[in-house]
Amino acid sequence: MFHLLEQRIQDAFHGRILAQFGIDLEVSTEQPRQSSLGELAVPAAFQLARQLKQPPKKIAAELIEGIGSIEGVAAMEVAGNGYINVRFARAGYAEGLVRPTPRGEGSATGRGIVDRIIVEHTNINPNKAAHIGHLRNAVLGDTLVRMLRAAGNRVEVQNYIDNTGVQVADVVVGFHFIEHKTPADVKRLIADPTVRFDYLCWDLYARTSAFYKDSPEAVGWRAETLHAVESGGGTLAELAHLVADAIVALHLKTMLRLGVEYDVLPRESEILHLKFWAAAFELLKERKAIYLETEGKNSGCWVMPPEAFAGDSGTEDSKVIVRSNGTVTYVGKDIAYQLWKFGLLGKDFYYRPMMRYPDGHELWVTTDEPQIANREVPAFGRGTRVFNVIDVRQSYLQDVVVAGLKALGAAEQAAQSVHFAYEMVALSPRCCIELGIELSDEDRQRPYVEVSGRKGLGVKADDLIDRLIDKALEEVAARHAEKSAEEQRKIASEIAIGALRYFLLKYTRNSVIAFDFQEALSFEGETGPYVQYAAVRARNILKKLEERGETLPDFTADLTRETLESALASEDFWQMLLAASKVDVALGRAVVSGEPAHLARYAFQLAQTFNNFYHQYHILTEENRERRVYLLWMTDFFRAQLIRTLGILGIQTPAYM
RNA sequence: GGGCGCGUAGCUCAGGUGGAUAGAGCAUCGGCCUUCUAAGCCGAGGGUCGCAGGUUCGAGUCCUGCCGCGCCUACCA
């Protein structure tokens, strides 16, 4: 509704300016500083003043005069030095919300719809438990997916599994060479319900990393393991499979606690076995995107020259794609994967269904064997735009990947490759002390301390979630002692996840989160539970109404134009309605700027507005019938908008709080 | 050395393409539960937007320089 009007106003000004001054000006609109100044401000007169050499105030007055009336606009006036403030026709606006026309809602966010967007996120090495840094990635990625879908795009969610990499190899080294465990031993550990296998690997990985430091000769074990994993046979390869598969299953479980689901898991083992790299290598050689270095420190390696990507990264060294021993680096494999995402590789994976989520959605995983004749396999890949959700420290590598596409002549796909970068989650010094981590004097002075999987330094995702649930449970139990323990836990879990997702989303992407338990565990103020609480309150009012044996009025019939007219004469009601009607404005802004934090902020403001409404007006005891209908409608509208916004953020609305 | 990012209230952070009186939350202090749930509401104090120049009608926002902090700059991923 808001978008529609905004567009109409922009068009009207654009047309008038063209007719009156012969200038093709792209008319922008902004929000006036104060709500009392109107709903939209048009700064066009300032832009024209320069060209026309006339005072903006004069131009503004002429424009208003010339435009006449615009449908849905009640008044326009010159303000300040030349702003044109626009006031909406309130009742008409509200009618559009009560009786939406098909083209009314959401049409403006539908402008830039892309046929197939691929979002790759999570991408955790399957060798240890997930930590908060991984959660930021997954929550950011998942929310991006929800936002894009809410804006009308078709989105495919991929979670890349590096099941043949160094990190898995290190845990295998730990099991085999350090602990002398057989595959049968490891299988028993995985099957043992009293063992948290991902936690066990977390510690083992840290121990193995420390072991390398003290005994550098042990690094040879890693090379041996990597080689075994790549050739695919023997004890070491079997261990790698066991570890990676078990950890992937646990990661999926952890992510599902947050409501994060995927469509397909492309695995590195298939990239290897199906010779994706070989195909990409041929392409890169053919187009001379890489060359065999014959001198200097990179002699014997296939490298990409710095000119290809130096524009953004500022490095002077070429980037090694194939090592002198013939093995391919991670970036090389990433180029092959990116080519596949766009359908440019000329190869595809085979797929098998991996599991079905409780909501019925099916998750697929890649395989190297053609099979399942009886199942129709969804068409994966072949995206027109690709978002890679990866932390900002890997910008350099993402630049190289994009340079690879460009060098292969895929300029369009290079332009459609988005590195959806975000800053890391670190630990506040206070948090480290709380975790019993010893800090050097130097670290103590820093604003934050980096998480390190190698050192086993970090907050495990499941630990944090458990802690949040425990805290929420205390609150729920105190308020709803009569409910069953099982039900209390369900509610507490929804609140905990709401708190966690909101906490990770409220920071803009390029802000480092210095993790702090006190802030993450807060349920008050600008938090997920605050927004959930508002939604629950709105729903409670309507529930209470039914408990009293009444039914919700038929708003489309009862809310006549006259009713709306008189209700919205109140500035208060108008401002509240306006604020509540802007979900799609906020969504559009968040999508365009790629900033989920914008939508999170809107959710908070929406909840604030509702809490004001809730506090100021007593709905069920309102005696004036007409006014009561209006209040009920506002409540219902708030409820729907709050729940919808929370939903896009991946946050559920509990049955009660 | 080079590249990227950050520096805004005591703390943590917002501040579309320059625009009207720089905003939240937390913390502090003071009010509000017989009324649809106080995980809430109302109010108060708190600012040289790192520093110095520049661009212009106008700069937290753009440009230059400087200071401080972080990340990247691997034949690791």
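Every chain is numbered from 1 and lettered A, B, ... according to where its sequence line falls, protein lines coming before strand lines. Because only heavy atoms are used, hydrogens play no part in the values below, and waters and symmetry mates are left out as well, while side chains stay in.
Taking only distance into account, the side chain of A:Ser324 meets the base of B:rC75 through a donor-acceptor pair shorter than 3.5 Å. The base of B:rA20 sits with one of its N or O atoms less than 3.5 Å from a complementary donor or acceptor on the side chain of A:Asn85. For B:rA24, the base has no donor-acceptor partner in the side chain of A:Arg601 [N/O atoms by modelled type, under 3.5 angstrom].
Of the candidate nucleotides B:rG15, B:rC36, B:rU37, B:rC36 has the atom lying nearest to any side-chain atom of A:Ile619. Comparing B:rC69, B:rU12, B:rG25 by their nearest atom to the side chain of A:Pro447 picks out B:rC69. With B:rA20, B:rC72, B:rA77 as the candidates, the nucleotide lying closest to the side chain of A:Arg393 is B:rC72. Of the candidate nucleotides B:rA39, B:rC36, B:rC75, B:rC36 has the atom nearest to the side chain of A:Lys544.
B:rG40 is paired with B:rC32 under the Watson-Crick or G-U wobble criterion, all donor-acceptor distances under 3.5 Å. The pairing partner recorded for B:rC62 is B:rG54, the criterion being a Watson-Crick or G-U wobble arrangement whose two distances lie under 3.5 angstrom. Across all strands shown, nothing is found opposite B:rG46 as a Watson-Crick or G-U wobble partner with both distances under 3.5 Å. With a cut-off of 3.5 Å on both Watson-Crick or G-U wobble distances, the partner of B:rC75 is given as none. As the counterpart of B:rA14, no nucleotide is assigned, since no Watson-Crick or G-U wobble pattern has both distances under 3.5 Å. B:rC4 and B:rG70 make up a base pair, with Watson-Crick or G-U wobble contacts both under 3.5 Å.
A sub-4.0 Å separation between OP1 or OP2 of B:rC41 and a side-chain N or O of A:Tyr530 is present. The side chain of A:Ser511 places an N or O atom within less than 4.0 Å of a non-bridging phosphate oxygen (OP1 or OP2) of B:rA14. The phosphate of B:rA38 has OP1 or OP2 within less than 4.0 Å of a side-chain N or O from A:Arg537. Dashed line: the shortest gap from a side-chain N or O of A:Gln608 to OP1 or OP2 of B:rG25 is under 4.0 Å. When the side-chain nitrogen and oxygen atoms of A:Tyr330 are compared with OP1 and OP2 of B:rA77, none of them lie within a distance under 4.0 Å. Checking the phosphate oxygens (OP1, OP2) of B:rA39, no side-chain nitrogen or oxygen of A:Lys471 falls inside 4.0 Å. An OP1 or OP2 oxygen of B:rC41 is reached within less than 4.0 angstrom by a side-chain nitrogen or oxygen of A:Asn611. Note on A:Asn612: a side-chain N or O is less than 4.0 Å away from OP1 or OP2 of B:rC42.
Nucleotides B:rA9 and B:rU55, compared at atom P, are 28 Å apart to the nearest Å.
Base orientation at B:rC33 is syn, since its O4'-C1' glycosidic dihedral falls within 90° of 0. Taking syn as a glycosidic angle within 90° of 0, B:rG16 qualifies as syn.
Mapping A:Glu450 and A:Leu397 onto RNA chain B by nearest heavy atom places A:Glu450 at the nucleotide closer to the 5' end.
A:Gln167 comes within 4.0 angstrom of nothing in the nucleic acid, heavy atoms only. Within 4.0 Å of A:Ala426, counting heavy atoms only, lies no atom of the nucleic acid at all. Using a 4.0 Å heavy-atom criterion, one finds that A:Ile495 contacts the bases of the nucleic acid, with or without backbone contacts as well.
The aromatic rings of A:Phe604 and A:Tyr530 lie tilted to each other, with the angle between the two planes from 30° to 60°.
Summarising the geometry of A:Pro596 relative to A:Thr143, their closest heavy-atom pair is CB-CG2, 4.0 Å, with the distance given to 0.1 Å. Here the closest heavy-atom approach between residue A:Met576 and residue A:Met634 is recorded as CB-CE, 3.5 Å.
Counted within 6.0 Å of NZ on A:Lys543, heavy atoms from surrounding residues, nucleotides or ligands total more than 12; the atom is thus considered enclosed.
Under the stacking criterion of a centre-to-centre distance below 5.5 angstrom and an interplanar angle below 30°, A:His618 sits stacked against the six-membered ring of B:rC36.
Side-chain contact between A:Ile541 and A:Tyr614: present, with at least one pair of heavy atoms (C-beta onward) separated by less than 4.5 Å. Under the 4.5 Å side-chain criterion, counting only non-hydrogen atoms from C-beta, A:Leu284 is in contact with A:Trp277.
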